[in-house]
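What follows is a single structure, written as structure tokens, with notes after it.
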Number of protein chains: 2
Amino acid sequence: MTAKKVTIEDVARQAGVGIATVSRAINNAEGISAKTRMRILQTIEELGFVPNTSAQSLKVRLTNQIALAVPDIRNAIIPDISWAVEQAAKAHGYRVVQINTAGNARAELEVVRDIKKLHVDGLIIMPLAYPKALPELIDKAGVPISVINYGKQLDDSLQADVVCLSILEGKLVMDHLQQIGRSRIAYAGTQKDVIEDRYLAYERALNRVDASLVYFGEDFSLQTGIRAADYFHGLAHMPDAVYAVNDMVAIGLVNRFKELGVRVPEDVAVVGVDNNQWTTISSPQISSVSIMGSEVARLAAELLLKRIREQTRGDYEKVQFEPRLIVRESSVSLKRSPMHGS
Amino acid sequence: MTAKKVTIEDVARQAGVGIATVSRAINNAEGISAKTRMRILQTIEELGFVPNTSAQSLKVRLTNQIALAVPDIRNAIIPDISWAVEQAAKAHGYRVVQINTAGNARAELEVVRDIKKLHVDGLIIMPLAYPKALPELIDKAGVPISVINYGKQLDDSLQADVVCLSILEGKLVMDHLQQIGRSRIAYAGTQKDVIEDRYLAYERALNRVDASLVYFGEDFSLQTGIRAADYFHGLAHMPDAVYAVNDMVAIGLVNRFKELGVRVPEDVAVVGVDNNQWTTISSPQISSVSIMGSEVARLAAELLLKRIREQTRGDYEKVQFEPRLIVRESSVSLKRSPMHGS
DNA sequence: TTTCGTTATGTAAAGCTTTAAATATAAGAC
DNA sequence: GTCTTATATTTAAAGCTTTACATAACGAAA
């Protein structure tokens, strides 16, 4: 009933050939006649033989698998990333196994340190915590690594190909909000150092940051957006725009504002980042910055697969994509006549 | 700079001991003095030795990893499942690698057939397509398997532990809709056989199915909901309630209805299934059935880990949880005074 | 000092495959 | 029928670890 552990030797004996011949049959190698191959495949079928992968990759160093380590699978942009990587890998005959680091420093280190245990030929990692020791571990990981960089200025010496999920999204948002005449612009995000660049762009765009207009929540979730809305609503002098660290937070904000009777975009404009599918479902629809998740992920995968194929090291690529702002209902200009007036 | 492939033998030579001793040091085995262990660990550090997992698991059959195969990672319930499995696994010192089958029959077969290549001790699979050959492959997979069953009546003879993502959710929805006085109840889903049970419950609850009130889309996405809303809106005689195969579709429906000027729940009640996080964000908030994804996933993981630990086969568990209907704004009774009247 | 019982360490086999090198077989030329 | 050459097949080594078994070291008891 079960594969009781039938080895290549059993197959060879049964089929009356040598083990090398069986191996050739398995691997579609040449130097074997069509009819013996047939016979062997038949025997394999009968005996229910399945080659032991551990033994195989003990000799052949490749596994035809790559790993993808993502921060928090509950963040709505991850699916796009993972999907794109999967497609690219499949096109090269590769399988993808996904690991969840939960944006946790320890987990990020662990996946790189233990990458060999995963039985993969390479790793695409999208770090969030960026623990100090990461570059060093990447350096001695032993397999090629691609980094999908999410809002952090990285040291150029990193021994990995790096593709950035756009580095300029913050500037785009701030420029836009100022252009449509908003002057009290708030920021809603997680701790300032988690997606550092997005917050730094906020600081840079302003002469002086009003600390009361900055809200740091615990994560990237709807909840954070909801709490931020409560917080801003409680202020003596409300902001007239909010730059949200991502769409999840933006959606939480907008929905809570609605409940509180704050009109979006008339009273407050809201802009998110990531341009996930929910931005168009929310009402009002939410302006956002497309960070080209799919393209970035695909490129990261291609670069990795290329390194695996060519077994090269050094001379690492550092790529970044041009982000695109997509203006929707949640951030209309103040000068236009508002559509949603009561 | 790189791990050039330093083996246990190099370490042994360098430390002036036998390879068995090094092995003992690595695995915290007993029968080694504290000081030699220290010395060896030091040498390992110096040389940057990392044990070859292929060679290891060629001897020891276990890898301390399990695989989780999920249908479409873009479906909003998957994250909960995956999260719960991860937690359970971690508690037992196991790592989880996730595979995306995209609900594709071929991929579902492949992951079971090739499970050995994944270098894992067991598999949790959540099939959608349920291809015919699946039970047979599960039977001879060679590692224990847990099935998370999503809306399909399964053959009891399946050689795997099965935990059902509630089997009665459809009945709950239909009972509820009829109870609040809806008589023209529509169904919006994917093809009837994909999440078979949910549709069958619809049929069972009605004397006669009006074919014009059934909409089958392509997937479980928002898009399907949007198209369904367009379809129903175009009917000469609109339904007064829609039972959506899941929350994604329900949310798509509600939002499109709003755009079309159809009032929810006054004109049409909408109920989804899965109870994902977006149901409470949508406005109106959406009634849904909690299918206990986390609990189900955790149990599936526990059962799998138990089998791995005890190396048992046969006598498989078939468990199902009690679903819970959660009534929100989208399906208020017709008799109550509507809150949202214009 | 000898002997015994423990504990620490080393040796060698086993685990299963791939592959280089050696050998056998078949086909073709003369 | 013999020789050459190309093709098919087999043998044996290598890949790296764990572990059963054998051996060595050590301290304690006699």
Side-chain angles (χ1 to χ4, degrees), chain A residues 3-44 47-65 114-119 121 142-143, chain B residues 3-44 47-65 114-119 121 142-143:
Chain A
K4 245 311 177 239
K5 77 164 130 177
V6 24
T7 80
I8 199 174
E9 202 167 350
D10 299 329
V11 177
R13 190 170 333 111
Q14 178 82 5
V17 299
I19 57 172
T21 312
V22 178
S23 175
R24 291 205 179 78
I26 295 170
N27 300 310
N28 287 317
E30 53 186 21
I32 177 174
S33 71
K35 58 176 176 291
T36 25
R37 160 170 293 138
M38 287 301 277
R39 183 156 45 94
I40 290 173
L41 291 181
Q42 172 115 16
T43 318
I44 286 177
L47 298 185
F49 165 70
V50 27
N52 178 317
T53 25
S54 295
Q56 282 182 316
S57 59
L58 182 56
K59 284 244 56 154
V60 189
R61 318 297 284 222
L62 296 183
T63 63
N64 285 318
Q65 298 178 153
D114 295 352
I115 187 64
K116 284 289 189 57
K117 298 203 179 134
L118 284 183
H119 208 80
D121 302 339
V143 301
Chain B
K4 242 317 175 234
K5 79 162 131 177
V6 24
T7 80
I8 199 174
E9 203 166 350
D10 300 327
V11 177
R13 191 171 331 110
Q14 177 82 4
V17 299
I19 56 172
T21 311
V22 177
S23 176
R24 290 197 183 89
I26 294 169
N27 300 310
N28 285 318
E30 53 185 24
I32 178 175
S33 72
K35 57 178 179 289
T36 26
R37 161 170 293 138
M38 287 300 279
R39 183 155 45 94
I40 290 174
L41 291 182
Q42 173 115 15
T43 319
I44 287 177
L47 299 184
F49 165 70
V50 27
N52 178 316
T53 24
S54 295
Q56 282 181 317
S57 60
L58 182 55
K59 285 244 54 157
V60 189
R61 320 297 284 220
L62 297 182
T63 63
N64 285 319
Q65 297 180 154
D114 295 353
I115 188 64
K116 284 290 189 57
K117 298 201 179 135
L118 284 183
H119 208 78
D121 301 338
V143 300

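Here is the naming used below: chain letters follow the sequence lines, and residue numbers restart at 1 for every chain.
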Distance from [X] atom [atom1] to [Y] atom [atom2], nearest 0.5 Å?
| X | Y | atom1 | atom2 | result |
| --- | --- | --- | --- | --- |
| Ile40(A) | Ile32(A) | CD1 | CD1 | 4.5 Å |
| Ser54(B) | Lys116(A) | OG | NZ | 9.5 Å |
| Arg13(A) | Ile19(A) | CZ | CD1 | 11.0 Å |
| Asp121(B) | Arg61(B) | CG | CZ | 11.0 Å |

Whether [X] contacts [N] is assessed here as follows: a side-chain N or O lying under 4.0 Å from the phosphate OP1 or OP2. Is that the case?
| X | N | value |
| --- | --- | --- |
| Ser57(A) | dT17(C) | no |
| Asn27(A) | dT18(C) | yes |
| Ser23(B) | dT18(D) | yes |
| Ser33(A) | dA8(D) | no |

side-chain contact (heavy atoms from CB on, under 4.5 Å) evaluation trace for Ile8(B) with Ile26(B): CA-CA 10 Å; Ile8(B) 199 174; Ile26(B) 294 169; 4.2 Å; yes

Selection from [options] that lies nearest to any side-chain heavy atom of [X]:
| X | options | value |
| --- | --- | --- |
| Pro51(B) | dG15(D), dT17(D), dC16(C) | dT17(D) |
| Val60(A) | dT17(C), dG15(D), dT19(C) | dT19(C) |
| Leu58(A) | dT18(D), dG15(D), dT9(C) | dG15(D) |

Would you kindly give the [atom1]-to-[atom2] distance between [X] and [N], to the nearest whole Å?
| X | N | atom1 | atom2 | answer |
| --- | --- | --- | --- | --- |
| Glu9(A) | dA12(D) | CD | C1' | 13 Å |
| Arg61(B) | dG15(C) | CZ | P | 9 Å |
| Asn28(B) | dT19(D) | CG | P | 13 Å |
| His119(A) | dG15(D) | NE2 | C1' | 14 Å |
| Asn52(B) | dC16(C) | CG | P | 16 Å |
| Asp10(B) | dG15(D) | CG | C1' | 13 Å |
| Leu62(B) | dT18(D) | CG | P | 13 Å |
| Lys116(B) | dC16(C) | NZ | C1' | 12 Å |

Criterion side-chain contact (heavy atoms from CB on, under 4.5 Å) on Phe49(A) and Thr43(A), from CA distance to verdict: CA-CA 8 Å; Phe49(A) 165 70; Thr43(A) 318; over 6 Å; no

Heavy-atom closest contact (His119(B) atom, Thr63(B) atom, distance): O-OG1, 3.2 Å

Check: Leu62(A) main-chain N/O paired with Ser57(A) side-chain donor or acceptor under 3.5 Å: no

Heavy-atom side-chain contact between Gln14(B) and Val11(B) under 4.5 Å: no

Mind listing the N/O atom pairs, protein and nucleotides 10-14 of chain C, below 3.5 Å?
unit_1: dG10(C); atom_1: OP1; unit_2: Gly18(B); atom_2: N; d: 3.3
unit_1: dG10(C); atom_1: OP2; unit_2: Gly18(B); atom_2: N; d: 2.4
unit_1: dG10(C); atom_1: OP2; unit_2: Thr21(B); atom_2: OG1; d: 2.7
unit_1: dG10(C); atom_1: O6; unit_2: Arg24(B); atom_2: NH2; d: 2.8
unit_1: dA14(C); atom_1: N3; unit_2: Lys59(B); atom_2: NZ; d: 3.2

Contact list for DNA chain C against residues 34-41 of chain B - heavy-atom distance below 4.0 Å: Thr36(B)

All side-chain hydrogen bond (donor to acceptor under 3.5 Å, both in side chains) counterparts of Thr53(A), not counting sequence neighbours: none

